[in-house]
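Below is one structure, written out as structure tokens; comments come after it.
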Amino acid sequence: MQGRLSVWLIKHGLVHRSLGFDYQGIETLQIKPEDWHSIAVILYVYGYNYLRSQCAYDVAPGGLLASVYHLTRIEYAIDQPEEVCIKVFASRRNPRIPSVFWVWKSADFQERESYDMLGIYYDNHPHLKRILMPESWIGWPLRKDYIAPNFYEIQDAH
């Protein structure tokens, strides 16, 4: 079953895949990484003016990585804002997804966290560097195939 946004995207010739609805009835769509930036701009112009959250996860060991965007369409005098969930999958070997920082500024720290924990590179992000782990940290701690070091050094502890 396709939702309202999926029908609108099809009508305008925008490539995507409908993943159905979540338990709250929010439509979930899959967008290819190469199409994501242009579709993000279109969604912003269409009215999805608020990036509620962005997160990422490792789909399976050795499998794809996913970047997930929860967008909300906030309008004056509307009691129930329209929401959509966008999933962009990237290969583990070269996990590159266009940054949407220039569309929604709130993507800044959220995309940095996804980079820091899973190693997803967000192209054209202005400050893409580690945000939680030290710059010297090796590896991506939330990947399912990550091997934790057998020691932890407490740096700058006073």
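Basis for what follows: all heavy atoms, side chains included, without hydrogens, waters or symmetry-related copies.
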Atom pair [atom1]/[atom2] of [X] and [Y] - distance to nearest 0.5 Å:
X      : Y      : atom1 : atom2 : answer
Trp140 : Arg130 : CH2   : CZ    : 4.5 Å
Ile120 : Asn94  : CD1   : CG    : 11.5 Å
Arg93  : Leu64  : CZ    : CG    : 12.0 Å
Tyr115 : Lys129 : OH    : NZ    : 11.0 Å
Phe21  : Glu27  : CZ    : CD    : 5.0 Å
Asp108 : Ser99  : CG    : OG    : 8.0 Å

Nearest atoms (heavy-atom pairs only) where [X] meets [Y]:
X      : Y      : value
Arg92  : Gly63  : NE-O, 3.2 Å
Asp116 : Met133 : OD2-N, 2.8 Å
Arg143 : Leu118 : NE-O, 2.7 Å
Ser6   : Leu29  : CB-CD2, 3.9 Å
His16  : Ile31  : CB-CD1, 3.5 Å
Val15  : Ile39  : O-CD1, 3.5 Å

Would you check if the side chain of [X] reaches a backbone N or O of [Y] as a donor-acceptor pair within less than 3.5 Å?
X      : Y      : result
Trp104 : Leu71  : no
Glu111 : Val100 : yes
Asp58  : Leu142 : no
Glu113 : Ile131 : no

Task: Stacked cation flag Lys105 on Phe101, 6.0 angstrom / 45 deg - done: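 Flagged: Lys105 positioned over aromatic ring of Phe101.
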
Open item on the list: Is the terminal nitrogen or CZ of Arg112 (NZ for Lys, CZ for Arg) located under 6.0 angstrom from the six-membered ring centre of Phe109 and within 45° of that ring's axis?
Closed with: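 The answer is yes, since Arg112 meets both limits relative to Phe109.
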
Following the transitive rule for hydrophobic clusters with a side-chain heavy-atom cut-off under 4.5 Å over Ile, Leu, Val, Met, Phe, Trp and Tyr, establish whether [X] and [Y] coincide in one cluster.
X      : Y      : answer
Leu14  : Val7   : no
Val84  : Leu19  : no
Tyr46  : Val103 : yes
Tyr146 : Tyr57  : no
Leu43  : Ile10  : no

Decide yes or no for [X] and [Y]: does some side-chain heavy atom of the first lie under 4.5 Å from some side-chain heavy atom of the second?
X      : Y      : result
Met117 : Pro141 : yes
Val68  : Cys85  : yes
Asn49  : Tyr44  : yes
Trp8   : Leu5   : yes
Glu82  : Arg4   : yes
Tyr50  : Ser106 : no

- [ ] State plainly whether the residues Asp123 and Arg96 are in salt-bridge range, i.e. N to O under 4.0 Å.
- [x]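 Between Arg96 and Asp123 there is a salt bridge, with a charged N closer than 4.0 Å to a carboxylate O.
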
TODO: Taking atom NZ of Lys144 as the centre, report whether more than 12 heavy atoms of other residues, nucleotides or ligands fall under 6.0 Å from it.
DONE: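 Yes, enclosed.
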
TODO: Would you kindly say whether Gln54 and Tyr122 are connected by a side-chain donor-acceptor distance under 3.5 Å?
DONE: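 Per modelled atom types, Gln54 and Tyr122 side chains form a pair under 3.5 Å.
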
- [ ] Indicate the ring-plane relationship of His127 and His125, choosing parallel, tilted or perpendicular according to the 30° and 60° boundaries.
- [x]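 Correct class here is perpendicular.
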
